[in-house]
Amino acid sequence: MSVPANSTAGPSENISLRITRLFDAPPQRVFDAWLDLEQFARWVGPRDHVESVTPVEHDPRVGGRYRVEVHQRNIPEAGCCKFIGGVYREITRFTRLVFTWGWNDDPTETLITVTFRPVGHQTEMTLVHERFDTTDRRDGHQHGWGGSFDQLAALLASNDE
């Protein structure tokens, strides 16, 4: 896992996050956990901040949109939630996903590229999340993806799909 050292970004700089993780599952299964929105909703969001995720919209094709409702923990307003959504830019079965990522309360749209590489019976997955406007947002997403990938590992280890 690596995070760029820059602490501020000028207008032309790109603040990004790169995480590489090995999963005990074949690339097909790891890839499908991203595109099957029911599975995605089960693992995305660190459980110390996210209570649940509900799929709202899903069109898994290039140009198609996705959207999920995120119910957060420890929010004073009952039923408080946020939405995450974006557009699929590239889908190469079992090897690469590229899509936009945006929160309903943040005008900044970021870009995510996920690659999947077989390593024996396992999968090396690399996520590059870029176009952050601040290091604070990048760092928050680093925590979020780390917790999410712990849950993805647990989902892949279970017999449920």
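When reading the values below, keep in mind they use all heavy atoms of this one structure, side chains included, and skip hydrogens, waters and symmetry mates. Just so you know, these numbers come straight off a predicted model, no measurement behind them.
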Heavy-atom closest pair, residues [X] and [Y]:
X    : Y    : answer
F83  : N104 : N-OD1, 2.8 Å
V62  : I91  : CG2-N, 3.9 Å
L37  : P55  : CD2-CB, 3.6 Å
T100 : Y66  : O-OH, 2.7 Å
S158 : R29  : O-NH2, 3.2 Å

> Charged N to carboxylate O below 4.0 Å: is that the case for D106 and K82?
Replying inline: no
> Taking NZ, NE, NH1 and NH2 as the nitrogens, is one of them in R42 or D36 under 4.0 Å from a carboxylate oxygen of the other?
Replying inline: no
> Does a side-chain heavy-atom distance below 4.5 Å link I15 with D133?
Replying inline: no
> Taking side chain as C-beta onward, heavy atoms only, is L152 less than 4.5 Å from S148?
Replying inline: no
> How would you list, by chain and number, every residue that makes a ring pair (Phe, Tyr, Trp, His ring centres under 6.0 Å) with F94, sequence neighbours excluded?
Replying inline: F31
> Where do V70 and I84 land on the side-chain contact (heavy atoms from CB on, under 4.5 Å) test, with the steps shown first?
Replying inline: CA-CA 7 Å; V70 180; I84 300 170; 3.7 Å; yes
Is there a path of hydrophobic side-chain contacts, each under 4.5 Å between heavy atoms of I/L/V/M/F/W/Y residues, joining [Y] to [X]?
X   : Y    : result
Y88 : W103 : yes
V56 : V44  : no
V87 : L127 : no
L35 : I112 : yes

Just jot down the side-chain contact (heavy atoms from CB on, under 4.5 Å) partners of [X], sequence neighbours excluded, or say none.
X    : result
R21  : F23, F149, D150, A153
D59  : R61
T126 : R18, T20, T115, E124, V128
D136 : T134

> Partners of R47 by salt bridge (charged side-chain N to carboxylate O under 4.0 Å, His left out), sequence neighbours excluded?
Replying inline: none
> Sequence neighbours excluded, which residues qualify as salt bridge (charged side-chain N to carboxylate O under 4.0 Å, His left out) partners of E90?
Replying inline: R96
> Would a distance-only check, ignoring hydrogens and angles, find a side-chain to backbone donor-acceptor pair under 3.5 Å from Q151 to G45?
Replying inline: yes
> So, Q122 side chain and D24 main chain: donor-acceptor pair closer than 3.5 Å or not?
Replying inline: no
Enter the distance from [X]:[atom1] to [Y]:[atom2] here, rounded to the nearest 0.5 Å.
X    : Y    : atom1 : atom2 : result
T135 : L17  : OG1   : CG    : 12.0 Å
L111 : R131 : CG    : CZ    : 4.5 Å
Q39  : D32  : CD    : CG    : 7.0 Å
T123 : Q28  : OG1   : CD    : 7.5 Å

Could you work out, with side-chain hydrogen bond (donor to acceptor under 3.5 Å, both in side chains) as the rule, every residue matching [X], not counting sequence neighbours?
X    : value
W101 : H141
W145 : H129
E57  : none
R65  : none

>> Please evaluate residues V68 and F40 with respect to the criterion side-chain contact (heavy atoms from CB on, under 4.5 Å), reporting the C-alpha separation (whole Å), side-chain torsions for both, the decisive distance (0.1 Å), and the verdict.
In response: CA-CA 9 Å; V68 295; F40 183 77; 4.3 Å; yes
>> I'd like to know whether H143 forms a side chain to side chain donor-acceptor pair (under 3.5 Å) with D48, so could you lay out the CA-CA distance, the side-chain angles of the two residues, the decisive distance to 0.1 Å, and finally the verdict.
In response: CA-CA 10 Å; H143 170 77; D48 61 339; 3.1 Å; yes
> Does the side-chain contact (heavy atoms from CB on, under 4.5 Å) test come out yes or no for T54 and H71, once each step is laid out?
Replying inline: CA-CA 8 Å; T54 304; H71 303 269; 3.5 Å; yes
> When you look at F116 and L97, which way does the side-chain contact (heavy atoms from CB on, under 4.5 Å) test go after all the steps?
Replying inline: CA-CA 9 Å; F116 308 85; L97 283 175; 4.3 Å; yes
> Relative to F132, does R138 satisfy both conditions: NZ or CZ under 6.0 angstrom from the six-membered ring centre, and within 45 degrees of the ring's axis?
Replying inline: no
